[in-house]
*Asks:* 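Pasting in a structure now, in structure tokens, and then I'll have a few things to ask.
Numbers here are sequence positions counted from 1.
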Amino acid sequence: MAHSNDGRKRPTARRRPGARRRCEVPSTVAVLADERDFAAMRRYASFTFDDHATYLRQMEGLLRTLAAEGTYTSVALFDPADYEEFCADSHLDPDTPASRTRYTAEVAAAGSKVTYEGQPIGRLLPQLVDEAEQQATWEYATALLARGGDCATCGEDTGRTAFARASQLLRRLVEAVGPGTHHLVCSVPAEGDVPLVAVLHTESHADGMLRLGEAAALIFCTVLAAGIATDRPGGVVLRTTTPGHPDTVRGWGLRDGRLRPLSEAEVFDAYCTDADTGEPVPPEPGVAYRAGLPLDDPEEPKGHEGPEGSERGA
């Protein structure tokens, strides 16, 4: 029994014998996705796993248990180098489970995550790695845009102008190819050998309705904008799937702040060449390689004078 404010007794709810209250809070599990990271953690005596395959099976079992209990669970990457730096900055002993738990809660949980929805660990890890790579791409492209500062001619922020132009170009691309499911890849050179690459999936309907992931569109436009703002020679490849027709691949090259259509031969060469070795690869059966379509140039901000007197967005 319990007492009300006026002192009278009132009945209280009874629970079944042995029933316990469960605290319904979200959970984050940080995973060592590859064997190299796993090997780096084995130097700690408190990390008791012997091989990566067994470790992943146990992590998958943990995820299933949490899901069965109704716990909303996100999966993040556990980065051993980042963990070591975190422990040094926080004056923690890295060779303790408590330190690993704190790193997961304070650092890994704040980074890229994938929601666990019962998918096998073999499918979840590539999703997680891809999410982390896209996040790193966005951060790097954002840093490139921030370096631009203000335009010396008009005083406008070059990064903001380039992003607005990239957003318009994305819309023009999807409008030009028409209805269908589109897979777009934007590639822009960066420092070193690895380019900035952003991937976007969209669905365009005959009534003009366009569906796309906002986060992926943000990354795509940021990478494209970085190429525009820094005047780097990037490109866009777009693959369209429509029912009853072969997939169609088209391409555009980024030059002088514009997406210029590639010829059919250029599209074929770009799509059928190994990016790492430069060696030709066989064309994919059932795929048509077509020239890029001309794009109506977005209305460009005045004051950005480009080559041959043309106006540019950055």
*Asks:* Taking Val281 as the starting point, is it possible to reach Leu262 by hopping between hydrophobic residues whose side chains are less than 4.5 Å apart?
*Replies:* no
*Asks:* Using 0.5 Å steps for rounding, measure from the OG1 atom of Thr142 to the CZ atom of Phe163.
*Replies:* 8.5 Å
*Asks:* So how far is it from Ile121 CD1 to Leu63 CG, rounded to the nearest 0.5 Å?
*Replies:* 5.5 Å
*Asks:* Identify whether Val199 and Val287 are in the same connected component of the hydrophobic contact network (ILVMFWY, side-chain heavy atoms under 4.5 Å).
*Replies:* no
*Asks:* Would you say the side-chain atoms of Arg239 and Thr181 include a donor-acceptor pair closer than 3.5 Å?
*Replies:* no
*Asks:* For Val29 and Leu66: C-alpha separation, side-chain torsions, deciding distance, then whether side-chain contact (heavy atoms from CB on, under 4.5 Å) applies.
*Replies:* CA-CA 10 Å; Val29 175; Leu66 291 171; 3.9 Å; yes
*Asks:* Could you see if Leu254 belongs to whatever hydrophobic cluster contains Val197? Use Ile, Leu, Val, Met, Phe, Trp, Tyr and a side-chain cutoff under 4.5 Å.
*Replies:* no
*Asks:* Are His182 and Thr240 close enough that a side-chain donor and a side-chain acceptor fall under 3.5 Å?
*Replies:* yes
*Asks:* I'd like to check Phe47 versus Asp95 (side-chain heavy atoms, cut-off strictly below 4.5 Å). Are they in contact?
*Replies:* no
*Asks:* Is any side-chain heavy atom of Phe78 closer than 4.5 Å to one of Asp37?
*Replies:* no
*Asks:* Work out which heavy atom in Leu32 is nearest to a heavy atom in Leu56; give both atom names and the distance.
*Replies:* O-CD2, 4.0 Å
*Asks:* Is it the case that more than 12 heavy atoms not belonging to Arg171 sit under 6.0 Å from its CZ atom?
*Replies:* no
*Asks:* For residues Tyr103 and Leu62: do they belong to one hydrophobic cluster (side chain heavy atoms under 4.5 Å, members Ile, Leu, Val, Met, Phe, Trp, Tyr)?
*Replies:* yes
*Asks:* Between the side chains of Gln127 and Glu131, does any donor sit under 3.5 Å from an acceptor?
*Replies:* no
*Asks:* Could you check Thr248 against Tyr289 for side-chain hydrogen bond (donor to acceptor under 3.5 Å, both in side chains), going step by step and ending with a plain yes or no?
*Replies:* CA-CA 6 Å; Thr248 303; Tyr289 301 91; over 6 Å; no
*Asks:* Give me the ring orientation class for His52 and Phe38: parallel if the planes are under 30° apart, tilted from 30 to 60°, perpendicular past 60°.
*Replies:* tilted
*Asks:* Taking side chain as C-beta onward, heavy atoms only, is Thr73 less than 4.5 Å from Thr115?
*Replies:* no
*Asks:* Should the pair Arg43-Glu84 be classified as a salt bridge under the 4.0 Å nitrogen-to-oxygen rule?
*Replies:* yes
*Asks:* Relative to the ring of His183, is the ring of His201 parallel (under 30°), tilted (30 to 60°) or perpendicular (over 60°)?
*Replies:* tilted
*Asks:* Of all the heavy-atom pairs spanning Pro261 and Gly292, show the shortest one and how long it is.
*Replies:* CB-O, 3.1 Å
*Asks:* Measure the spacing between CG of Leu173 and CG of Leu293 and express it to the nearest 0.5 Å.
*Replies:* 9.5 Å
*Asks:* I'd like to know if the side chain of Arg102 pairs up with that of Ser99 as donor and acceptor (distance under 3.5 Å, no hydrogens or angles considered).
*Replies:* no
*Asks:* Please work out which of the three classes, parallel, tilted or perpendicular, describes the rings of Tyr44 and Tyr83, given edges at 30° and 60°.
*Replies:* perpendicular
*Asks:* Hey, are Tyr55 and Asp50 close enough side-chain-wise for a donor-acceptor pair under 3.5 Å?
*Replies:* no
*Asks:* Of all heavy-atom pairs between Ser46 and Pro97, which one has the smallest distance, and what is that distance?
*Replies:* CB-CD, 4.0 Å
*Asks:* Does a side-chain heavy-atom distance below 4.5 Å link Leu184 with Val237?
*Replies:* no
*Asks:* Between Tyr72 and Tyr116, does a ring pair (Phe, Tyr, Trp, His ring centres under 6.0 Å) hold up when you go through it step by step?
*Replies:* CA-CA 8 Å; Tyr72 177 86; Tyr116 178 68; over 10 Å; no
*Asks:* Can you find a heavy atom in the side chain of Thr137 that is under 4.5 Å from one in the side chain of Val223?
*Replies:* yes
*Asks:* What's the shortest heavy-atom distance between Leu196 and Ala190, and which atoms?
*Replies:* CG-CB, 4.0 Å
*Asks:* Supply the atom-to-atom distance Leu125 CG to Met59 CE, rounded to the nearest 0.5 angstrom.
*Replies:* 9.5 Å
*Asks:* Would you say Val107 ends up clustered with Val31 if hydrophobic residues are merged whenever their side chains have heavy atoms under 4.5 Å apart, either directly or through other cluster members?
*Replies:* yes
*Asks:* If you define the side chain from C-beta out and look only at heavy atoms, does anything of Val185 sit under 4.5 Å from Phe220?
*Replies:* no
*Asks:* List the steps and the verdict of side-chain contact (heavy atoms from CB on, under 4.5 Å) for Val177 and Arg250.
*Replies:* CA-CA 9 Å; Val177 295; Arg250 304 181 189 273; 4.1 Å; yes
*Asks:* Once you round to the nearest 0.5 Å, how far does CD of Glu106 lie from OG1 of Thr28?
*Replies:* 12.5 Å
*Asks:* Run the numbers on Thr161 and Arg165 for side-chain contact (heavy atoms from CB on, under 4.5 Å), then give the verdict.
*Replies:* CA-CA 6 Å; Thr161 302; Arg165 180 165 172 74; 5.7 Å; no
*Asks:* Quick one: does Asp256's side chain have a donor or acceptor within less than 3.5 Å of a partner on Arg258's backbone?
*Replies:* no
*Asks:* For Asp93 and Thr96, does a side-chain donor sit closer than 3.5 Å to a side-chain acceptor?
*Replies:* no
*Asks:* Could you go through the side-chain contact (heavy atoms from CB on, under 4.5 Å) check for Leu224 and Val188 one step at a time?
*Replies:* CA-CA 7 Å; Leu224 181 56; Val188 171; 5.6 Å; no
*Asks:* For His245, does the NE2 atom sit with more than 12 other heavy atoms under 6.0 Å from it, leaving out its own atoms?
*Replies:* no
*Asks:* Could you grab the distance from atom CD of Gln119 to atom CG of Leu128, nearest 0.5 Å is fine?
*Replies:* 10.0 Å
*Asks:* For a quick test of reading the model, state the closest non-hydrogen atom pair linking Gln58 to Phe49 and the distance between them.
*Replies:* OE1-CE2, 3.4 Å
*Asks:* For Cys221 versus Leu170, what's the shortest heavy-atom pair and its separation?
*Replies:* SG-CD2, 3.7 Å
*Asks:* May I ask you to test the Arg232-Pro189 pair for a side-chain heavy-atom distance under 4.5 Å?
*Replies:* yes
